[in-house]
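A note on names: the letters A, B, ... follow the listed sequences, proteins ahead of strands, and every chain is numbered from 1. The basis for the numbers below is simple: all heavy atoms, side chains too, and nothing from hydrogens, waters or symmetry mates. Just so you know, these numbers come straight off a predicted model, no measurement behind them.
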Protein chains: 2
Amino acid sequence: MEKNYDMLKLENQLCFPLYACSREIVKKYHPHLDEIGLTYTQYIVMMVMWEKKHVSVKELGEKLYLDSGTLTPVLKSLESKGLVTRTRSSEDERVLIVGITDEGEALKEQAAEIPPKIACCVALSPEEAGTLYKLLYKILGNESA
Amino acid sequence: MEKNYDMLKLENQLCFPLYACSREIVKKYHPHLDEIGLTYTQYIVMMVMWEKKHVSVKELGEKLYLDSGTLTPVLKSLESKGLVTRTRSSEDERVLIVGITDEGEALKEQAAEIPPKIACCVALSPEEAGTLYKLLYKILGNESA
DNA sequence: CTCAATTAAATTGCTTTCAATTAAATTTAT
DNA sequence: ATAAATTTAATTGAAAGCAATTTAATTGAG
């Protein structure tokens with residue numbers, strides 16, 4: 001009885017194109033992010049900050065699927081650039097609250113120009129992009145399974 | 001005139017769920033890959049080796065969307081585990097040919113058990129998985145744009 | 001109340017990833 | 001035939017990313 005190795009082929013795996021695609025698209029952000037002095041990880045942290053203004057490291061981690069091991073150095077770097085503040089919560093000293101500075105707010109202006117530039121070099125129609133979006137969030141939503 | 005910041009929201013970006021999804025699924029591989037002593041990157045290199053037997057670093061990089069900066073240490077590590085060989089091409093000394101060893105071939109057996117285990121914890125129907133697959137390769141295929 | 005368990009973030013150690021540079025071999029143009 | 005340009009890997013340096021551990025604060029059980 002012959003064993004079936006088909007699933008072991010790169011082209012039969014869903015994980016691989018996901019992984020490759022993710023890196024290729026993130027790469028497209030680099031030249032634009034360079035202009036505003038952010039890395040991709042710093043950029044997605046700032047995206048949360050532009051929406052929420054104040055957020056604990058834990059909440060940030062849940063939103064971005066990142067842990068404190070990744071976030072701590074990123075947040076320290078954003079703090080040193082003057083874009084966010086890091087303050088311990090007075091109610092619970094374990095909690096670190098990340099806040100946005102005026103300078104951080106101001107950066108939103110320039111950052112807003114990036115997404116349209118990326119969108120136009122991803123070769124999907126709006127419908128396809130919508131479908132992809134839903135499928136990705138379906139996977140993300142089902143972490144427990 | 002109010003500027004439109006909607007595209008700056010995390011939930012309106014395609015890149016973010018792609019990035020998060022990729023990392024979450026790769027994470028699911030870890031416990032299984034640990035059992036056969038491979039990292040995810042080593043695993044996808046081995047997937048190419050199981051199919052091709054002999055491949056240059058350049059070809060490997062094109063297939064996996066990785067450069068020599070990433071591949072060189074991974075290949076050295078696989079070589080030290082005895083799973084692949086690294087030999088300079090005699091026709092062109094610049095080219096490094098990666099070959100698979102018997103031990104590398106033998107690992108395929110255990111590796112074949114991994115994909116089914118992953119598949120069943122990704123909450124997509126076969127049709128959805130197919131759609132996702134096509135969309136991802138549509139993006140990957142359009143690198144030039 | 002006190003000690004154990006839990007929680008949040010930071011730290012450590014390791015692999016990955018990538019941009020940029022370097023080194024060596026090959027190809028091309030003159 | 002030789003010099004310039006190109007190609008292939010390797011190297012270097014920096015940021016991510018993650019598992020595992022540690023530290024400090026808080027909560028809970030007896």
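- The side-chain heavy atoms of A/L66 and A/V74, taken from C-beta on, include no pair separated by under 4.5 Å.
- Candidate nucleotides D/dA19, C/dT16, D/dA10 were compared by shortest atom distance to the side chain of B/Q42, and C/dT16 ranks first.
- Along DNA chain D, the nucleotide nearest A/T70 and the nucleotide nearest B/R88 are compared for position; the residue whose nucleotide lies closer to the 5' end is B/R88.
- Close to D/dG17, at under 4.0 Å from its OP1 or OP2, lies a side-chain N or O of A/T41.
- The shortest distance between the side-chain N/O atoms of B/T72 and the OP1/OP2 oxygens of D/dA10 is below 4.0 Å.
- Residues of residues 48-58 of chain B that place a heavy atom closer than 4.0 Å to DNA chain D, in numerical order, are B/S56, B/V57, B/K58.
- For the pair B/Y19 and D/dG17, the criterion of a side-chain N or O lying under 4.0 Å from OP1 or OP2 is met.
- No more than 12 heavy-atom neighbours from other residues, nucleotides or ligands sit within 6.0 angstrom of CG on A/D102.
- With hydrogens and angles disregarded, a donor-acceptor distance shorter than 3.5 Å links the side chain of A/S125 to the backbone of A/E128.
- For B/K52 against B/V55, the heavy-atom pair with the smallest separation is CE-CG2, 3.5 Å.
- Contact check for A/V84 versus A/M49: side-chain heavy atoms found under the 4.5 Å cut-off.
- Side-chain atoms of B/R23 come within 3.5 Å of backbone atoms of A/Y65 as a donor-acceptor pair (strictly under, hydrogens ignored).
- Ring orientation note: the planes of B/Y40 and A/Y19 are nearly perpendicular, at an angle over 60° on the 30°/60° scale.
- B/S77 approaches B/Q42 most closely through the heavy-atom pair OG-NE2, 2.9 Å.
- Both A/H30 and B/T39 sit near DNA chain C, but only B/T39 has its closest nucleotide nearer the 5' end.
- Taking 4.0 angstrom as the limit, A/K76 places a side-chain polar atom (N or O) nearer than this to OP1 or OP2 of C/dT11.
- Nucleic acid contact class of B/L66 (heavy atoms, under 4.0 Å, all strands): sugar-phosphate only.
- Between A/Y29 atom OH and C/dC18 atom C1' there is a gap of 18 Å when expressed in whole angstrom units.
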Kindly give the atom pairs (protein nitrogen or oxygen, nucleotide nitrogen or oxygen) under 3.5 Å for nucleotides 23-27 of chain C.
unit_1, atom_1, unit_2, atom_2, d
C/dA25, O3', B/E93, N, 3.4
C/dT26, OP1, B/E91, O, 3.4
C/dT26, OP1, B/E93, N, 3.1

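- Although no hydrogens or angles enter the test, the distance criterion places no donor-acceptor pair under 3.5 Å between the side chain of B/K76 and the main chain of B/R86.
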